[in-house]
Amino acid sequence: MDNTTNVTHTPLEIIAIKSIIFTIAAIAAVIGNTLVVIVIFQYNSTQTVTNYLVMNLSIFGTMNGLVRLPLYIVNIIADRQYYDQVGCAFHAYLGGIIFIGTIHNLMWIAVVRYLVVVKSKKLKPRHAYYFIGIIWATCTLTPAVSFLGWGKFVYVEIEKGCIPSWDKTGIIGIARGIYSAIFHYATPLLTIIYCYSFIFIFLEKKQQ
């Protein structure tokens, strides 16, 4: 446990408000996403490739509400980094998994909708397993580079949590920054825009 204290202290009313908001968000995330998983599992009619990806997205949401947000809440109540460096690394790594996994999950949902709607592809459940495997490989391996010395996990006071950090002046740090910008921001965003734009155009033409 880290027994260091902050130079400034957050007012108790702010701590209470933040804690309540995060607690409500965590409970809502767990309940809502769990219900999505249950419904898709129970009803065969909902077990499509798209819905399997939606279920996978719900798993990320459940992880966020069940583990990541409670860790934030503890730091908010303690008004400092409550955990040691191992706990800090776990919190940041988990955050990386959920963040990257969510973004790439949304990208693959867009790709699947494009293939089904525009290209009329008949996708089977095994295709969903491939996509989900790619998503989990991407979101678990990418944040792990910090454990290899290509960065570190640091506590940020304003975040009340730990995030990955790296030297932005060194070659490795610059390369990692470019990689993250391209593969975890630009590529998913452009892919989503491309897929849904063509879906919209296709449906518009079909209605004419």
Side-chain angles (χ1 to χ4, degrees), residues 25-69 90 92-148 150 163-164 175-208:
I27 294 173
V30 172
I31 295 176
N33 286 293
T34 300
L35 289 175
V36 171
V37 174
I38 292 173
V39 168
I40 294 175
F41 259 121
Q42 280 191 336
Y43 299 98
N44 292 330
S45 60
T46 64
Q47 294 175 7
T48 63
V49 174
T50 299
N51 284 342
Y52 277 132
L53 288 171
V54 170
M55 183 175 66
N56 192 59
L57 187 63
S58 294
I59 291 173
F60 286 119
T62 302
M63 289 172 57
N64 190 46
L66 200 60
V67 184
R68 184 166 175 261
L69 288 181
F90 172 75
Y93 179 63
L94 181 64
I97 289 176
I98 295 171
F99 175 74
I100 296 172
T102 298
I103 290 177
H104 282 260
N105 207 123
L106 291 171
M107 180 186 73
W108 282 107
I109 289 175
V111 170
V112 168
R113 298 313 303 152
Y114 172 80
L115 292 175
V116 172
V117 176
V118 179
K119 296 299 182 179
S120 299
K121 297 292 185 180
K122 301 296 182 181
L123 299 180
K124 298 181 179 180
R126 60 184 175 85
H127 293 109
Y129 304 149
Y130 298 153
F131 299 144
I132 291 172
I134 293 172
I135 292 168
W136 278 96
T138 302
C139 73
T140 54
L141 294 177
T142 301
V145 298
S146 294
F147 294 113
L148 302 176
W150 294 0
I163 61 173
R176 179 174 178 181
I178 293 173
Y179 170 82
S180 296
I182 292 175
F183 290 100
H184 302 319
Y185 291 95
T187 299
L189 178 61
L190 293 175
T191 301
I192 291 171
I193 293 174
Y194 176 87
C195 291
Y196 285 120
S197 295
F198 273 86
I199 291 173
F200 176 78
I201 293 171
F202 175 81
L203 293 177
E204 280 293 307
K205 289 182 177 179
K206 195 172 182 181
Q207 288 180 352
Q208 291 177 358

- Message: Going by the rule side-chain contact (heavy atoms from CB on, under 4.5 Å), which residues pair with Ile201 if we only count those two or more places apart in sequence or in a different chain?
- Response: Lys205

- Any Ile38 side-chain heavy atom under 4.5 Å of Gln42 side chain: yes

- Task: Mind checking the CD1-CD1 spacing from Ile135 to Ile59? Nearest 0.5 Å is all I need.
- Result: 10.5 Å

- Item | Other residues, nucleotides, ligands: >12 heavy atoms within 6.0 Å of Tyr196 OH | yes

- Task: Go through the structure and list residues passing side chain to side chain donor-acceptor pair (under 3.5 Å) with Arg68, not counting sequence neighbours.
- Result: Asn64, Tyr72

- Query: With a 4.5 Å heavy-atom cut-off, do His127 and Tyr52 have their side chains touching?
  - Reply: no

- Search all heavy atoms of Lys124 against all heavy atoms of Val49 and return the closest pair with its distance. O-CG2, 3.2 Å

- Note on the structure: Phe183 meets the ring-ring contact (aromatic ring centres under 6.0 Å, His included) criterion, sequence neighbours left out, with Tyr179

- Message: Given 3.5 Å as the limit, does a donor-acceptor pair link the side chain of Ser180 with the main chain of Gly177, or not?
- Response: no

- Task: Nearest 0.5 Å please: distance from the CZ atom of Phe202 over to the OG atom of Ser197.
- Result: 15.0 Å

- Task: Quick one: pull up CG in Leu53 and CG in Leu106 and give me the separation to the nearest 0.5 Å.
- Result: 10.0 Å

- Query: Is Asn56 close to Phe60 at the side-chain level, that is, under 4.5 Å between some pair of heavy atoms?
  - Reply: yes

- Query: So which heavy atom on Leu57 is nearest to which on Ile109, and how close?
  - Reply: CD2-CD1, 4.4 Å

- Could I get the full list of side chain to side chain donor-acceptor pair (under 3.5 Å) partners for Thr50, not counting sequence neighbours? Arg113

- Can you sort out the partners of Tyr185 under ring-ring contact (aromatic ring centres under 6.0 Å, His included), two or more places apart, ordered by chain and number? Phe99

- Query: What is the minimum heavy-atom distance between Ala29 and Gly65, and which atoms define it?
  - Reply: CB-CA, 4.1 Å

- Reported CG-to-CD1 distance for the pair Leu94 and Ile98, which is rounded to 0.5 angstrom: 4.0 Å

- Query: What is the distance from atom OG1 of Thr140 to atom OH of Tyr93, rounded to the nearest 0.5 Å?
  - Reply: 5.0 Å

- Message: If I take atom CH2 from residue Trp108 and atom CG from residue Leu115, how far apart are they, to the nearest 0.5 angstrom?
- Response: 8.5 Å

- Query: With no hydrogens and no angle check, is any side-chain donor or acceptor of Ser58 less than 3.5 Å from a backbone partner on Val36?
  - Reply: no

- Sorted by chain and number, sequence neighbours left out, side-chain contact (heavy atoms from CB on, under 4.5 Å) with Ile100 holds for His104, Thr138, Cys139, Thr142, Pro143, His184

- Trp136 ring center near Phe131 ring center (under 6.0 Å): no

- Message: Restricting to non-hydrogen atoms, name the atom on Ile97 and the atom on Met63 that form the minimum distance, rounded to 0.1 Å.
- Response: CG2-CE, 4.3 Å

